[in-house]
Amino acid sequence: MTLVVYFGSDKLAVPVPVADLAVGDISSLELSCTLQAAHQKARPMAPEPAAKQADLQEDSLWSVTETFIRAQPIKAKDQLTKLRRAVTLIYHPDQYAENERDIRTRIIARANDLIDKIGQQIAA
């Protein structure tokens, strides 16, 4: 299964191993998000410095990953292990070119932190 997310003008396609999803076997996963319109300021703001392409790519991938993780209905700790394994399979650095490995490693680290927080919420 492939998770397709439109982030601005970019289209991101992330392969998702269905067998490793925490929710079990599913044929599709529908996610939706509503973004609030930005409020206009009375004075124009100074333009922000241009972000590096790698930072934009990491932000885009993290948005997809965070949405994927938060969409899982986790009720038990064993499901956290399956979710952690699925994220690792998707972003494992050995599957990517040398210039993308650092980004993928940081995504996995951020995902593990989020999964740990979810685990703490389940335990409470």
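Judged by distance alone, with hydrogens and angles left aside, the side-chain atoms of Gln72 form no donor-acceptor pair with the main-chain N or O of Leu80 at under 3.5 Å. Although no hydrogens or angles enter the test, the distance criterion places a donor-acceptor pair under 3.5 Å between the side chain of Gln79 and the main chain of Ala76.
Here the closest heavy-atom approach between residue Pro93 and residue Ile108 is recorded as CD-CD1, 4.0 Å. Of all the heavy atoms in Tyr96 and Arg101, the pair that sits closest is O-NE, 3.1 Å.
Of the inter-residue distances, the one linking Ile69 atom CD1 with Lys117 atom NZ reads 11.5 Å to the nearest 0.5 angstrom. Atoms CD and OG1, from Glu58 and Thr105 in turn, are 10.0 Å apart once rounded to the nearest 0.5 Å. Distance check, rounded to the nearest 0.5 Å: CD1 of Ile115 to CD1 of Ile74 gives 8.0 Å.
With a 4.5 Å cut-off on side-chain heavy atoms, Gln95 and Arg104 do not count as touching. Looking only at side-chain heavy atoms (C-beta outward), Arg110 and Leu114 stay at 4.5 Å or farther from each other. By the 4.5 Å heavy-atom criterion applied to side chains, Leu83 and Phe68 are counted as neighbours.
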Practice task
Could you walk me through whether Asp116 and Arg84 pass the salt bridge (charged side-chain N to carboxylate O under 4.0 Å, His left out) test, one step at a time?
Solution key: CA-CA 9 Å; Asp116 289 342; Arg84 193 181 310 271; 2.9 Å; yes

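Contacts classified as salt bridge (charged side-chain N to carboxylate O under 4.0 Å, His left out) and involving residues 66-75 (residues at least two apart or in different chains) are given here: Glu66-Arg70.
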